[in-house]
Amino acid sequence: MKVILVKACEYSAPMANGRQSMIGIFDNIVVPFMPIDHPPFSLCAQVEFDQSDADAEHQVFCRLIDPDALTLFDVTLSISHPRDPNGGITRVFISINVPGLRFEKLGDHRVEVLVDGQKLGEETIPVLQVQPQAGA
């Protein structure tokens, strides 16, 4: 098992054809002041499973951690996936809706993804403060 992708975006959802929709992908959060209440957003992860991991239910734990290692948000999901009839790997997209959050600290925030208790993926989301320019 491994995590291929972890991204933050404005909206993420699985489509009926098995593909994933990710709208408004972002790599950082730019704020004019701190603390700030950020509107709801989504996290999208893609997990790759080997044949040995197929036909089983897996526990996915995702959390967002601030620069002081305090958890701002966490969720646990159960996922399963079918076995590839050709003996190959299987990839599964996971969409996680994050409620509005209050960011109290600037700096690198981390999204961690654990599958069956094993940390398999991480993405850094810096929170940056930018002062509005005078006269703008």
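- Scanning for ring pair (Phe, Tyr, Trp, His ring centres under 6.0 Å) contacts around Phe26 gives Phe41, with sequence neighbours left out.
- No donor-acceptor pair closer than 3.5 Å links the side chain of Asp50 to the backbone N or O of Ser52.
- Side-chain contact annotation: Asp116 with His58, donor-acceptor N/O pair under 3.5 Å present.
- Ion pairing between Glu112 and Lys119 holds under the 4.0 Å rule for side-chain N and carboxylate O.
- In this structure, CE on Met22 lies 9.5 Å from CD on Gln46, to the nearest 0.5 angstrom.
- With no hydrogens or angles considered, a side-chain donor-acceptor pair links Ser95 and Gln20 at under 3.5 Å.
- For the residue pair Thr124/Asp108, the side-chain donor-acceptor check at 3.5 Å is not satisfied.
- With His38 contributing its side chain and Ile36 its backbone, the two residues share no donor-acceptor pair below 3.5 Å.
- The environment of CZ in Arg19 is sparse: at most 12 heavy-atom neighbours from other residues, nucleotides or ligands sit within 6.0 Å.
- Atoms NZ and CD1, on Lys7 and Ile125 in that order, are 8.5 Å from each other to the nearest 0.5 Å.
- At a threshold of 4.5 Å between non-hydrogen side-chain atoms, the residues Gln59 and Thr76 count as touching.
- Going from atom NZ of Lys105 over to atom CG of Leu70 covers 7.5 Å, rounded to the nearest 0.5 Å.
- A donor atom on one side chain and an acceptor atom on the other are not found under 3.5 Å apart for Glu48 and Thr90.
- Expressed to the nearest 0.5 Å, how far CG of Leu64 lies from CG of Leu72 amounts to 5.0 Å.
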